[in-house]
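Heads up: the structure comes next, in structure tokens.
Throughout, residue positions are numbered sequentially from 1 according to the sequence presented. Bear in mind that the values here come from a model prediction, so they are computed numbers and not experimental data.
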Amino acid sequence: MVETADAVTGAWRSGVPFDVMREMTAVAATIGVRTMFAAEITEHYRDEAHACIEEIIGGIHREVLTSALGVRWLFPHRARRFRRVLSRYEQVIDEVILAYRRSGAEHADILSMLLAARDDAGEPMSDGEVRDNVINMFTAATAAGRASTMVWALHLLDRHPDIARRVQHEIDSVLGGDPPDDPSLRRLELTRHVVLETLRLYPHGWLILRRVAAPVELAGQILPSGAGLVVSPYQLHRRPSLFPDPERFDPDRWAAETPGLREAYIPFGNGSRKCLGEAFALTEIVVVLARVLQNWTLRGQTVSSGPVVPRVNALLEAPPLVMTPRPRTSRVTAECV
Ligand code: HEM
């Protein structure tokens, strides 16, 4: 994570503005693909896998909706293109699995773990099952969610310079000039609270879907089995009874553990379908933010005034944001604090 963040931010030039979403997507996408396939043998597949995923994620909303409404014929070219990309994506994953099987080496990545996994009877997964798991994981772990959270966090800090200063002070005193590692990450409390608060205000999965398995009463209504339910983390996170002064960006609300608050805080969903990547995503966002703010001060350009409105799609996306980087010249060292 640190290597990738450094590689992307290393190309920034002082005073030269950049598109923050593009840069953070590059960081999150590279980390995602390297976590899945770390082996050098698959390097040339990474860009192709990433391009396919982006196109699939971009089209999945339309595919699900038009197929549920029985109107896929409305967009025949798009439906055909979607199927073509999906089948190329499956082919790419199959080629990577084959390359791993041939090399027989363990690469300390998710694909190696899937290939080594055994069920209770000691049987490995078939190639088709491994492929489905890779696709499921990649689709769920889309770079956009992590990138969008990083962008929102940088935007919120730009709007709240007092909090940004405290975060930079924490990063300097905990890390000095060193990259974040496991023990130091645990001490970056305020930085982590900034990430939790960002996900409260702008949960990437702003809608979570459920189907009723057995008749159930909810808020005085009997819901029959098979009924569809839509839960909105975005709306829940902004209820004043649960989060006082909900529109305010207040990372310090996470310093005091309020009973009940955790249950209402669901940027990663809840229950048996809860996000599998919560710890991974939180770690990554804190690492990248810490590394960026350790080395750079960023100032927003396009959205310095007026309300910022999220782009609502199947997922909640950050708006375009241009920032200007300045390298940090003076840092507080651990000895000074
Ligand atoms: C900021 C980043 C992320 C956010 C906001 C997020 C959010 C979510 C949400 C809301 C769900 C649906 C939960 C539900 O229905 O209750 C979900 C499911 C899932 N997520 Fe994430 N996620 C993120 C990153 C990741 C990453 C990095 C991975 C993998 C390493 C991942 C893997 C999954 C998987 C596999 C599921 C499906 C779980 C299931 O249906 O059993 N997610 N995520």
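Side-chain atoms of Thr9 and Asn295, non-hydrogen and from C-beta on, never get closer than 4.5 Å to each other.
For Glu278, the CD atom is densely surrounded, since the number of other residues' heavy atoms within 6.0 Å is greater than 12. Under a cut-off of 6.0 angstrom, the local environment of CZ in Arg239 is sparse, with at most 12 non-hydrogen atoms contributed by other residues, nucleotides or ligands. Within 6.0 Å of the CZ atom in Arg81, the count of heavy atoms belonging to other residues, nucleotides or ligands does not exceed 12.
With sequence neighbours excluded, no residue forms a salt bridge (Lys or Arg N to Asp or Glu O under 4.0 Å) with Arg78. Take His193 and apply the ring-ring contact (aromatic ring centres under 6.0 Å, His included) test, not counting sequence neighbours, and it matches no residue. Residues passing the salt bridge (Lys or Arg N to Asp or Glu O under 4.0 Å) test with Glu95, sequence neighbours excluded: Arg88. Taking the ring-ring contact (aromatic ring centres under 6.0 Å, His included) definition, one finds that Phe249 meets it with His160, sequence neighbours left out. Shown here are the salt bridge (Lys or Arg N to Asp or Glu O under 4.0 Å) partners of Asp182, two or more places apart in sequence or in another chain: Arg186. When the salt bridge (Lys or Arg N to Asp or Glu O under 4.0 Å) test is applied to Asp132, no partner is found at least two apart in sequence or on another chain.
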Got a list of side-chain donor-acceptor pairs under 3.5 Å for residues 19-30, not counting sequence neighbours?
unit_1: Asp19; atom_1: OD1; unit_2: Met21; atom_2: N; d: 3.0
unit_1: Asp19; atom_1: OD1; unit_2: Arg22; atom_2: N; d: 3.1
unit_1: Glu23; atom_1: OE1; unit_2: Trp12; atom_2: NE1; d: 2.7
unit_1: Thr25; atom_1: OG1; unit_2: Met21; atom_2: O; d: 2.6
unit_1: Thr30; atom_1: OG1; unit_2: Ala26; atom_2: O; d: 2.6

Could you pull out all donor-acceptor pairs under 3.5 Å where a side-chain atom in residues 111-125 meets a protein atom, sequence neighbours excluded?
unit_1: Ser112; atom_1: OG; unit_2: His107; atom_2: N; d: 3.0
unit_1: Ser112; atom_1: OG; unit_2: Asp109; atom_2: OD1; d: 2.6
unit_1: Arg118; atom_1: NH1; unit_2: Leu115; atom_2: O; d: 3.2
unit_1: Arg118; atom_1: NH1; unit_2: Ala116; atom_2: O; d: 3.3
unit_1: Asp119; atom_1: OD1; unit_2: Ala121; atom_2: N; d: 2.9
unit_1: Asp119; atom_1: OD1; unit_2: Gly122; atom_2: N; d: 3.1
unit_1: Asp119; atom_1: OD1; unit_2: Glu123; atom_2: N; d: 2.9

Identify each donor-acceptor pair in which a side-chain atom of residues 211-224 lies under 3.5 Å from a protein atom, sequence neighbours left out, and give them as a table.
unit_1: Arg211; atom_1: NH1; unit_2: Gly226; atom_2: O; d: 2.8

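Both the sub-6.0 Å distance and the 45° axial angle are not jointly satisfied by Arg238 relative to the ring of Phe243. Relative to the ring axis of Tyr100, Arg102 does not place its NZ or CZ within 45° and under 6.0 Å from the centre.
If you chain together ILVMFWY residues whose side-chain heavy atoms come under 4.5 Å of each other, Val16 ends up in a group of its own.
The stretch residues 26-37 participates, sequence neighbours left out, in these salt bridge (Lys or Arg N to Asp or Glu O under 4.0 Å) pairs: Glu3-Arg34. Annotation: side chain to side chain donor-acceptor pair (under 3.5 Å) contacts involving residues 281-291, sequence neighbours excluded, comprise Asp6-Arg291, Arg146-Glu284, Arg291-Gln294.
A side-chain N or O of Arg80 and one of His77 form a donor-acceptor pair less than 3.5 Å apart.
Here Arg200 pairs with Glu197 in a salt bridge; the nearest charged N to carboxylate O distance falls below 4.0 Å. A salt bridge links Asp127 with Arg101: at least one charged nitrogen is closer than 4.0 Å to a carboxylate oxygen.
A distance of 8.5 Å separates OG1 in Thr324 from CG in Leu298, rounded to the nearest 0.5 Å. Atom OG1 of Thr35 is separated from atom CE of Met137 by 10.5 Å, given to the nearest 0.5 angstrom. Leu157 contributes atom CG, which lies 11.0 Å from atom CZ of Arg166 (distance to the nearest 0.5 angstrom). Distance CD/Glu129 to CG/Asn136: 13.0 Å, rounded to 0.5 Å.
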